[in-house]
Enquirer: 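Sending over a structure as structure tokens; questions will come in a sec.
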Amino acid sequence: MAPITKEEALKNALVSSSMEGFSVSPEVVRNCRRLMNGEVDVDTLIKELLAQEK
């Protein structure tokens, strides 16, 4: 069995969340892709998100 791609893993997580009754905003999906692609690390993303709240 071939390993799944990052995009397939994200799609699987989104479908699983939907089946559980949760919706995921496009912004969250974009941030997940940024993390997976190494464009941002977790610490930086958290700082960005906290700064948006102010």
Side-chain angles (χ1 to χ4, degrees):
M1 177 183 246
I4 65 171
T5 65
K6 292 177 186 177
E7 191 64 28
E8 289 170 325
L10 177 58
K11 288 179 183 178
N12 287 343
L14 294 171
V15 169
S16 180
S17 295
S18 176
M19 290 172 58
E20 293 292 332
F22 298 103
S23 61
V24 179
S25 71
E27 180 181 6
V28 170
V29 174
R30 277 192 302 276
N31 285 331
C32 286
R33 284 192 176 111
R34 289 175 62 209
L35 282 167
M36 291 187 314
N37 293 330
E39 297 168 22
V40 66
D41 62 20
V42 173
D43 290 334
T44 302
L45 182 57
I46 290 171
K47 288 175 186 172
E48 290 176 5
L49 296 172
L50 290 174
Q52 288 176 4
E53 290 183 4
K54 295 180 181 179

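Values below: all heavy atoms of this structure, side chains included; hydrogens, waters and symmetry mates excluded. Index from 1, following the sequence.
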Enquirer: Same hydrophobic cluster for Val15 and Leu10, using side-chain heavy-atom links shorter than 4.5 Å among ILVMFWY?
Expert: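 Hydrophobic grouping puts Val15 apart from Leu10.
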Enquirer: Hey, does the side chain of Ser16 reach the backbone of Asn12 with a donor-acceptor pair shorter than 3.5 angstrom?
Expert: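 No, because the side chain of Ser16 does not come within donor-acceptor range (under 3.5 Å) of the backbone of Asn12.
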Enquirer: Over all heavy atoms of both residues, which pair between Ser17 and Val24 is shortest? Give the atoms and the distance, please.
Expert: CB-CG2, 4.2 Å
Enquirer: With Leu45, which of Leu49, Val42, Asp43 fulfils side-chain contact (heavy atoms from CB on, under 4.5 Å)?
Expert: Leu49
Enquirer: Check Arg33 with Glu7, please: is the shortest side-chain N to carboxylate O separation under 4.0 Å?
Expert: yes
Enquirer: Report the distance from atom CD of Glu39 to atom OG1 of Thr44, rounding to the nearest 0.5 Å.
Expert: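 One gets 12.5 Å once the value is rounded to the nearest 0.5 Å.
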Enquirer: Establish whether Val28 and Leu14 are linked, either directly or via other cluster members, by ILVMFWY side-chain heavy-atom contacts under 4.5 Å.
Expert: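 Per the 4.5 Å side-chain linkage, Val28 and Leu14 are co-clustered.
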Enquirer: Using the rule that Ile, Leu, Val, Met, Phe, Trp and Tyr join whenever any side-chain heavy atoms are under 4.5 Å apart, tell me whether Ile46 and Val40 fall into a single cluster.
Expert: yes
Enquirer: Quick one: closest heavy-atom pair of Asp41 and Leu35, and the distance?
Expert: C-CD2, 3.8 Å
Enquirer: Where do Lys6 and Met36 come nearest, in terms of heavy atoms and distance?
Expert: NZ-O, 2.8 Å
Enquirer: Rounded to the nearest 0.5 Å, how far does CD of Gln52 lie from CD of Glu27?
Expert: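 Going from CD on Glu27 over to CD on Gln52, the span is 5.0 Å.
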